[in-house]
Amino acid sequence: MYKILNTDGNAKRGELTTVHGKIQTPVFMNVGTAAAIKGGVSTQDLNGIKTQVQLSNTYHLHLRPGDQVVKKMGGLQKFMVWDKPILTDSGGFQVFSLSSLRKIKEEGVYFSSHIDGRKIFMGPEESMQIQSNLASTIAMAFDECPSSKADEKYVQDSVDRTTRWLKRCQDEMKRLNSLEDTINKEQILFGINQGAIFENIRIEHAKQIAELDLAGYAIGGLAVGETHDEMYRILDAVIPHLPKDKPTYLMGVGTPANILEGIERGVDFFDCVYPTRNGRHGHLYTNQGKINLFNAKYELDERPIEEGCDCPTCKFYSRSYIRHLLKAKEMLGMRLCVLHNLYFYNTMMEEAREAIENNSFAKYKKQKLEAYI
RNA sequence: GGAUGGGUUCCCGAGUGGCCAAAGGGGGCAGACUGUAAAUCUGUUGACGACGUCUUCGAAGGUUCGAAUCCUUCUCCAUCCA
């Protein structure tokens with residue numbers, strides 16, 4: 001299913017074959033948490049900005065519209081009108097990000113819905129059931145993402161539980177994939193390495209989950225408050241202990257610099273809300289660094305966001321016009337910014353793949369990062 | 001012509017003797033955001049030779065140790081009556 005096409009140092013140029021098509025890695029997955037890229041971007045738009053994979057969320061879709069609705073509508077792909085791969089996050093991250101609304105137990109997590117406050121329970125089996133109903137291409141294991149500030153004892157206990165949960169996820173997926181009315185019987189599972197910033201816990205956990213023969217291995221719990229150096233140190237420590245013949249996924253990361261550092265260390269998959277959220281907030285990625293279109297200096301700037309950019313936004317519109325749209329809170333402003341940022345990220349991944357093929361990744365990275373230091 | 005209410009910092013609007021360069025909102029300016037409770041949140045927004053000084057609350061006078069706040073006149077606006 002996954003094969004490495006070539007390598008350049010530790011950087012890998014890979015290809016993951018799924019029921020919904022091939023994914024060229026390294027890849028940046030475009031985040032559409034609630035089955036839509038925020039900012040008014042449609043699945044039709046994604047075809048014009050080099051999107052390979054969309055990411056949606058178990059927790060959000062379970063609450064609304066409800067995974068049963070999505071199942072009755074034929075699964076996420078049909079629902080969204082998107083025939084390429086979709087990765088669904090397990091809801092585990094919400095245990096962390098909605099920390100004020102939950103209680104963690106061995107069986108799973110008790111949440112309070114952020115929509116109406118009602119109590120909901122989600123454990124490994126529930127998460128797998130929901131993801132099976134959503135019929136995504138890749139399901140993520142249900143994990144706990146401990147805070148980067150949690151103490152070692154807490155992190156060790158949490159990681160041990162996450163390992164037990166992972167085995168339950170694996171069993172449940174096997175069962176679900178064998179059921180008659182399952183939409184995607186070839187759904188695959190990625191496990192998630194945790195351990196905060198404790199190298200010993202991370203490495204031990206990586207070894208344990210490496211034995212489970214999963215379709216892919218994610219590194220979670222990074223970019224949650226620790227420094228970049230700590231994050232890179234953990235990647236250096238963990239990646240050698242993950243299976244070489246499986247794709248690696250660095251969850252929730254990150255800035256262009258974070259991603260290039262990850263690729264250099266052998267990461268295949270990335271996702272991050274930055275290009276979409278920053279786009280909505282008027283922060284645009286360019287090869288000269290990030291710019292904030294709200295700044296007064298762009299009021300009369302006739303240039304596109306980035307000169308020479310082939311994205312649907314830069315082909316037509318000036319910084320001045322987009323700034324006006326953003327300030328006037330016109331929907332089009334956010335949409336144009338999100339399209340540009342996703343195009344920037346997706347193009348960067350394309351360039352990175354080419355660079356690895358040409359054995360020039362180090363040079364590419366250095367040149368790309370000059371604007372982001 | 002008469003009656004009443006009102007004119008506050010870029011805008012709206014609170015404030016009725018000192019704690020007022022003046023609440024709050026908007027707008028402006030800037031910052032944050034890493035598996036999205038995020039079209040959100042934070043800071044700042046009179047002028048300087050800046051822990052101090054100076055100029056501001058329609059205008060001009062006055063009362064007071066002290067006025068955006070009290071008094072007088074003027075002026076403008078709104079509504080109502082002729």
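Chain letters run A, B, ... following the sequence lines, proteins first and then strands; every chain starts at 1. Values below: every heavy atom of this structure, side chains too, minus hydrogens, waters and symmetry copies.
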Report the distance from atom CZ of Phe294(A) to atom P of C29(B), rounded to the nearest whole Å. 10 Å
Within 45° of the ring axis of Phe344(A) and under 6.0 Å from its six-membered ring centre, is that where the NZ or CZ of Lys368(A) lies? yes
Rounded to whole angstrom units, what separation is found between the CG atom of Asn341(A) and the P atom of C33(B)? 15 Å
Polar pairs (N or O, both sides) under 3.5 Å between protein and nucleotides 40-47 of chain B?
none

Residues within residues 245-270 of chain A bordering RNA chain B, heavy-atom distance below 4.0 Å: Met251(A), Gly252(A), Val253(A), Gly254(A), Thr255(A), Asn258(A)
Regarding the side chain of Lys327(A), the nearest nucleotide among G31(B), G28(B), A38(B) is G28(B)
Asp271(A) near the nucleic acid: base, sugar-phosphate alone, or nothing, with a heavy-atom cut-off under 4.0 Å? sugar-phosphate
List, one per line, each side-chain donor-acceptor pair under 3.5 Å for residues 263-275 of chain A, sequence neighbours excluded.
residue: Glu264(A); atom: OE1; partner: Lys365(A); partner atom: NZ; Å: 2.6
residue: Glu264(A); atom: OE2; partner: Lys365(A); partner atom: NZ; Å: 3.4
residue: Arg265(A); atom: NE; partner: Asp236(A); partner atom: OD1; Å: 2.8
residue: Arg265(A); atom: NH1; partner: Glu261(A); partner atom: O; Å: 3.1
residue: Arg265(A); atom: NH1; partner: Glu261(A); partner atom: OE1; Å: 2.8
residue: Asp268(A); atom: OD1; partner: Tyr2(A); partner atom: OH; Å: 2.7
residue: Asp268(A); atom: OD1; partner: Thr25(A); partner atom: OG1; Å: 2.7
residue: Asp268(A); atom: OD2; partner: Tyr2(A); partner atom: OH; Å: 3.2
residue: Asp268(A); atom: OD2; partner: Lys12(A); partner atom: NZ; Å: 3.0
residue: Asp268(A); atom: OD2; partner: Thr248(A); partner atom: N; Å: 2.9
residue: Asp271(A); atom: OD1; partner: Tyr249(A); partner atom: OH; Å: 2.6
residue: Asp271(A); atom: OD1; partner: Gly252(A); partner atom: N; Å: 2.8

Tell me which residues in residues 103-131 of chain A lie within less than 4.0 Å of RNA chain B, going by non-hydrogen atoms. His114(A)
For RNA chain B, which residues of residues 50-67 of chain A approach it to below 4.0 angstrom with any heavy atom? Leu55(A), Asn57(A), His60(A)
Going through the distances and angles, do Glu144(A) and Gln194(A) end up as a side-chain contact (heavy atoms from CB on, under 4.5 Å)? CA-CA 8 Å; Glu144(A) 185 196 342; Gln194(A) 289 289 356; over 6 Å; no
Is Phe96(A) touching bases, backbone alone, or none of the nucleic acid, heavy atoms closer than 4.0 Å? nothing
Can you confirm whether the side chains of Ser42(A) and Asp45(A) place a donor and an acceptor under 3.5 Å from each other? yes
Give me syn or anti for C74(B), where syn covers glycosidic angles within 90 degrees of 0. anti
With sequence neighbours left out, the residues meeting ring pair (Phe, Tyr, Trp, His ring centres under 6.0 Å) with His324(A) are none
